Number of protein chains: 2
Amino acid sequence: MNKIDTYTPTECKKFILPVRDVIDLIGGKWRLPIIIALSFKIHRFKELERQIEGITPRMLSKELKELEINGLVNREVFNTMPVSVQYSLTEYGKSLDKVIETMRDWGLTHRNKIISE
Amino acid sequence: MNKIDTYTPTECKKFILPVRDVIDLIGGKWRLPIIIALSFKIHRFKELERQIEGITPRMLSKELKELEINGLVNREVFNTMPVSVQYSLTEYGKSLDKVIETMRDWGLTHRNKIISE
DNA sequence: AATACTACTATACTAAAGTATACTGATATA
DNA sequence: TATATCAGTATACTTTAGTATAGTAGTATT
């Protein structure tokens, strides 16, 4: 990790901010399930609701909105009967994959370590 | 990201678990500040309390305990007057650095993207 | 005419995370 | 004797995150 030269509380906070951003983006209970589902394929609202066990439409709607605002998810409305709304990952959203993979690798090692103790 | 073959809710949850572990480990409001402080140098309790602006001894104590239980932080008591307790990152705790760095890199790009829009 | 589907929203609630404030016991210093 | 330091703990509170349940508008099917 690139070390900080002047280790003041202010420097430290500045260093942490971008990491915090990532945690806030993917950190809720339902963010990862949504992102992983969308990394697999484009989903409609009801499809996501069925795919992600236990999620309520309120949370799904809320989280999709947040992810859209942050540019990770794309929302497209189609004039079918009844209307269909498709959610997909943006290229930017897909770029999170390598971050998630790094976290996953460490997490798997962690799990093995815990189990082997 | 290593894609899942059979995309069932169960498979999906299993895939997410290790990622969730990492988020739970470093995800609270005070975990990163503590880890970063300790990655810089060994700290005593009061040093951490002064270094990390706004933290209460209750939260500091609580989070250090959690980090110790999870093997990221080491606690050593010295029989000085008054007693001193030193907290340091374990080798395992230090291994989180590369994960944090990956997150930070993505987060910095995210910040630049948001600003440039 | 009644029911069902889609994509949500509204309201009220519970649970988890974090804060505020004061306090403890052992020792040292003024 | 009064005050300070260290490393915390105890109790009560607020704030944020997530849940439960019901309802909406528009269209299609039975």
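All values reported here derive from a predicted model rather than from experimental measurement. Reminder, nothing fancy here: chain letters follow the sequence lines and each chain counts from 1.
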Could you state the atom-to-atom distance from CD of B:E49 to P of D:dA7 in whole Å? 9 Å
Salt bridge (Lys or Arg N to Asp or Glu O under 4.0 Å) with B:K113: which residues, sequence neighbours excluded? B:E117
Stepwise, does the side chain to side chain contact (heavy atoms under 4.5 Å, CB included) test hold for A:L60 with A:W30? CA-CA 8 Å; A:L60 183 54; A:W30 301 110; over 6 Å; no
Which residues share a salt bridge (Lys or Arg N to Asp or Glu O under 4.0 Å) with A:R75, sequence neighbours left out: none
Evaluate the ring planes of A:F45 and A:Y87, with Trp represented by its six-membered ring, and classify them as parallel (under 30°), tilted (30 to 60°) or perpendicular (over 60°). tilted
Residue from B:L25, B:L38, B:L64 passing side chain to side chain contact (heavy atoms under 4.5 Å, CB included) with B:L72: B:L25
Suppose we screen for side-chain contact (heavy atoms from CB on, under 4.5 Å). Which residues come up paired with A:K29, at least two apart in sequence or across chains? none
Between the opening five pairs and the closing five pairs of the helix from C:dA1-D:dT30 to C:dA30-D:dT1, how far apart are the helix axes, to 10°? 30°
Do NZ/NE/NH1/NH2 and the carboxylate oxygens of B:R104 and B:E101 come within less than 4.0 Å? no
Taken in chain and number order and not counting sequence neighbours, the residues that satisfy side chain to side chain donor-acceptor pair (under 3.5 Å) with B:D21 are A:R111
Without decimals, in angstroms, what is the distance between B:E47 CD and D:dC6 P? 9 Å
Please work out which residues in residues 70-87 of chain A have a non-hydrogen atom less than 4.0 Å from an atom of DNA chain D and list them by number. A:M81, A:P82
Across all chains, not counting sequence neighbours, the salt bridge (Lys or Arg N to Asp or Glu O under 4.0 Å) partners of B:E66 are none
Reading DNA chain C from 5' to 3', where do the contacts with chain A start and stop? Cut-off is 4.0 Å to heavy atoms. C:dT6 to C:dA12
Give a yes or no on whether B:L108 and A:V19 share a hydrophobic cluster (residues Ile, Leu, Val, Met, Phe, Trp, Tyr; joining criterion: side-chain heavy atoms under 4.5 Å apart). no
When the side chains of residues 48-57 of chain A are checked against the rest of the protein, which donor-acceptor pairs come out under 3.5 Å, sequence neighbours left out?
| unit_1 | atom_1 | unit_2 | atom_2 | d |
| --- | --- | --- | --- | --- |
| A:E49 | OE1 | A:K46 | NZ | 3.4 |
| A:E53 | OE1 | B:K13 | NZ | 2.8 |
| A:T56 | OG1 | A:M59 | N | 3.4 |

Who passes side-chain contact (heavy atoms from CB on, under 4.5 Å) against A:T10, sequence neighbours left out? A:T8
For B:E68, give me all partners under salt bridge (Lys or Arg N to Asp or Glu O under 4.0 Å), at least two apart in sequence or on another chain. none
Could you write out each protein N or O paired with an N or O of nucleotides 17-20 of chain D at a distance under 3.5 Å?
| unit_1 | atom_1 | unit_2 | atom_2 | d |
| --- | --- | --- | --- | --- |
| D:dG18 | OP1 | A:K29 | N | 2.9 |
| D:dT19 | OP1 | A:K29 | NZ | 2.6 |
| D:dT19 | OP2 | A:W30 | NE1 | 3.0 |
| D:dT19 | O4 | A:R58 | NE | 3.2 |
| D:dT19 | O4 | A:R58 | NH1 | 3.1 |

